[in-house]
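Working notes, structure below.
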Number of protein chains: 2
Amino acid sequence: MANSIPAPRAEGLHYLGLRDDIARRIATGLLGPGDRLPAERRLQADLGIARGTIREGLFQLEAEGAIYRRDRSGWYVSPPPVVYDPTRWEGFISYVEAQGRRPATETISAELIVADPLLAGVFGRPVGAPLYRIRRRRYVDDRAVLVERIVIDAALAPDLLSHSLDQSLTDILKSVYGLSVARNQVSMRPCALTGEDAAALGVKSGLPGLHVQRLSHDAGGRVIEFDHEYWRHDAVRIDVDIRVR
Amino acid sequence: MANSIPAPRAEGLHYLGLRDDIARRIATGLLGPGDRLPAERRLQADLGIARGTIREGLFQLEAEGAIYRRDRSGWYVSPPPVVYDPTRWEGFISYVEAQGRRPATETISAELIVADPLLAGVFGRPVGAPLYRIRRRRYVDDRAVLVERIVIDAALAPDLLSHSLDQSLTDILKSVYGLSVARNQVSMRPCALTGEDAAALGVKSGLPGLHVQRLSHDAGGRVIEFDHEYWRHDAVRIDVDIRVR
DNA sequence: GAGTGGTCTAGACCACGGG
DNA sequence: CCGTGGTCTAGACCACTCT
């Protein structure tokens, strides 16, 4: 019946009414980054709207990046995104700190593998050549924002795994192995986070994300890093500043 | 109940089972780009799953960019995305054609406005200075993939509106006014398509999208174009190739 | 153990499109 | 007009976190 919905929007769509309502509370500062929303059943009781409809509205806000969920814990207001510039060489840690946020890195796995035909092609090495594969999770202010898979030519960085990988890889490659990036090929695509990537970020499968693939070369044209990153869509903004000639 | 679901997935989640089922049909070519999926009620009857659950699975595939909907018409398999390189100056029409796809542009509105404080700041002109604002919709193979709002300094391109705007603006600015781009500042952010942007693309509000903001300067540092683009998230991939020094 | 979101059912009516 | 997706209801049980 919906006895008395507060300002149920001109169009009369209940889920958009809820969306507008919450969005307004965020815009006016009534709800701030990190704040928790009322429970779904609480909203249901307060607004007199079926729970499915409540959730429809929350999904809208989630798609907009305004709120996010912690599994079976609740809905929270999203913090502002970090700005990522693929043309700059300083790594994640530097640019997150430069924006006054607190970065953290956690290595999920690191192993020596052999090149399959695809990776052999990417690195210009024979099939079976040794490569390192590293999987890491990265945080901003204690919220997991991305998972990444990095592949590095073991011949260029022998003994890489003996270093702590919870720090900047760029730094290690440069200071220990003298490898610095001269060319970056970056490819970005909106995607859905699924399977193990969604699990690693602790989000529901199907949440929108941003897939960033990066291929870094040194001045000699050698591939020194092949990287796949899966970002929460609400955690990142891409800025590029390009000058021609 | 769910009498006999075909391979209901290890986890037993019906909506993910449907997701996997449709995804498999697409991967194996049983369903190809542009093909229509069975109606929701048809799937409901065939699979013995409630319609709400069916829709949950379809939303997953939509978030992944695998399928899209035409309002009250049905669900269709998404065509492949076009590749967009913000570092290259050829416009939409050129790069879409170069990828063997058919571009089209439609001008929604074009008008002379005066600079508000924000736009005045962007263009380095006084408040009240004349500007052109153009709103366009662009298509790939007859599917609307983006809407854009372009603002141009009227002083740099007098009488711009007397030209047909359904063609390349870059070409007009260069050949008629001698304006060519020397620097591009591009900012991209995953977003949700809402309000008039969703309406212009004919999609349901809340569909994930990509917001691209571009600020183009000429060699003298003058701002010649300020552009906001809202893309369907499944229609575009961003590729950037960057060399340092 | 209580409370939360996650999943699912089985209906209903509406708005819009031209399968 | 008929079929489609869009919206909504009012329940139910489960899995997980910890307010």
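All values reported here derive from a predicted model rather than from experimental measurement. Proteins get letters first, then strands, A, B, ... in listed order; numbering begins at 1 in each.
- Of all nucleotides listed (C:dC8, D:dC16, D:dG6), D:dG6 comes nearest to the side chain of B:Lys204.
- Side chains of B:Asp234 and B:Ser78: a donor-acceptor N/O pair is present below 3.5 angstrom, by distance only.
- Rounding to whole angstrom units, CG of residue A:Leu18 and P of D:dT9 are separated by 12 Å.
- In the model, A:Glu40 has a side-chain atom that pairs as donor or acceptor with a side-chain atom of A:Trp75 under 3.5 Å.
- Counting to the nearest Å, the P atom of C:dG6 and the CD atom of A:Glu62 are 8 Å from each other.
- Between the OH atom of A:Tyr68 and the C1' atom of C:dG5 there is a distance of 15 Å, given to the nearest Å.
- The side chain of A:His14 approaches D:dT9 more closely than any other nucleotide in the set D:dT19, D:dT9, D:dG6.
- In this model, no donor atom of one side chain and acceptor atom of the other lie less than 3.5 Å apart for A:Glu111 and A:Tyr132.
- Atom CG of A:Leu16 and atom P of D:dG6 are 13 Å apart (whole Å).
- Distance CG (B:Leu58) to P (D:dT4): 14 Å, rounded to an integer number of Å.
- An OP1 or OP2 oxygen of D:dG6 is reached within less than 4.0 angstrom by no side-chain nitrogen or oxygen of B:Arg51.
- Within the structure, a side-chain polar atom (N or O) of A:Arg55 is placed less than 4.0 Å from OP1 or OP2 of C:dG6.
- Judged by the 6.0 Å and 45° rule, B:Arg143 forms a cation-pi pair with B:Tyr68.
- When the C1' atom of D:dT19 is taken as reference, atom CZ of A:Arg69 falls 19 Å away, rounded to whole Å.
- Within the 4.0 Å cut-off from OP1 or OP2 of D:dC8, not a single side-chain nitrogen or oxygen of A:Tyr15 is found.
- Of the listed residues (A:Glu56, A:Glu64, A:His14), just one forms a side chain to side chain donor-acceptor pair (under 3.5 Å) with A:Arg19, and that residue is A:Glu64.
- For B:Thr53, counting side-chain heavy atoms from C-beta on, the closest listed nucleotide (C:dT9, C:dG5, C:dG19) is C:dT9.
- In this entry the distance linking OH of A:Tyr76 with C1' of D:dC18 reads 10 Å, nearest Å.
- Rounded to whole Å, atom C1' of D:dT4 lies 13 Å from atom CD of B:Gln44.
- The base of C:dG17 does not come close enough to the side chain of B:Ser73 for any donor and acceptor atom to sit less than 3.5 Å apart.
- With the nearest nucleotide of DNA chain C identified for both B:Ala50 and B:Arg41, B:Ala50 has the one nearer the 5' end.
- Considering only side-chain atoms of B:Arg72, the nucleotide from D:dG5, C:dG19, C:dT7 that sits closest is D:dG5.
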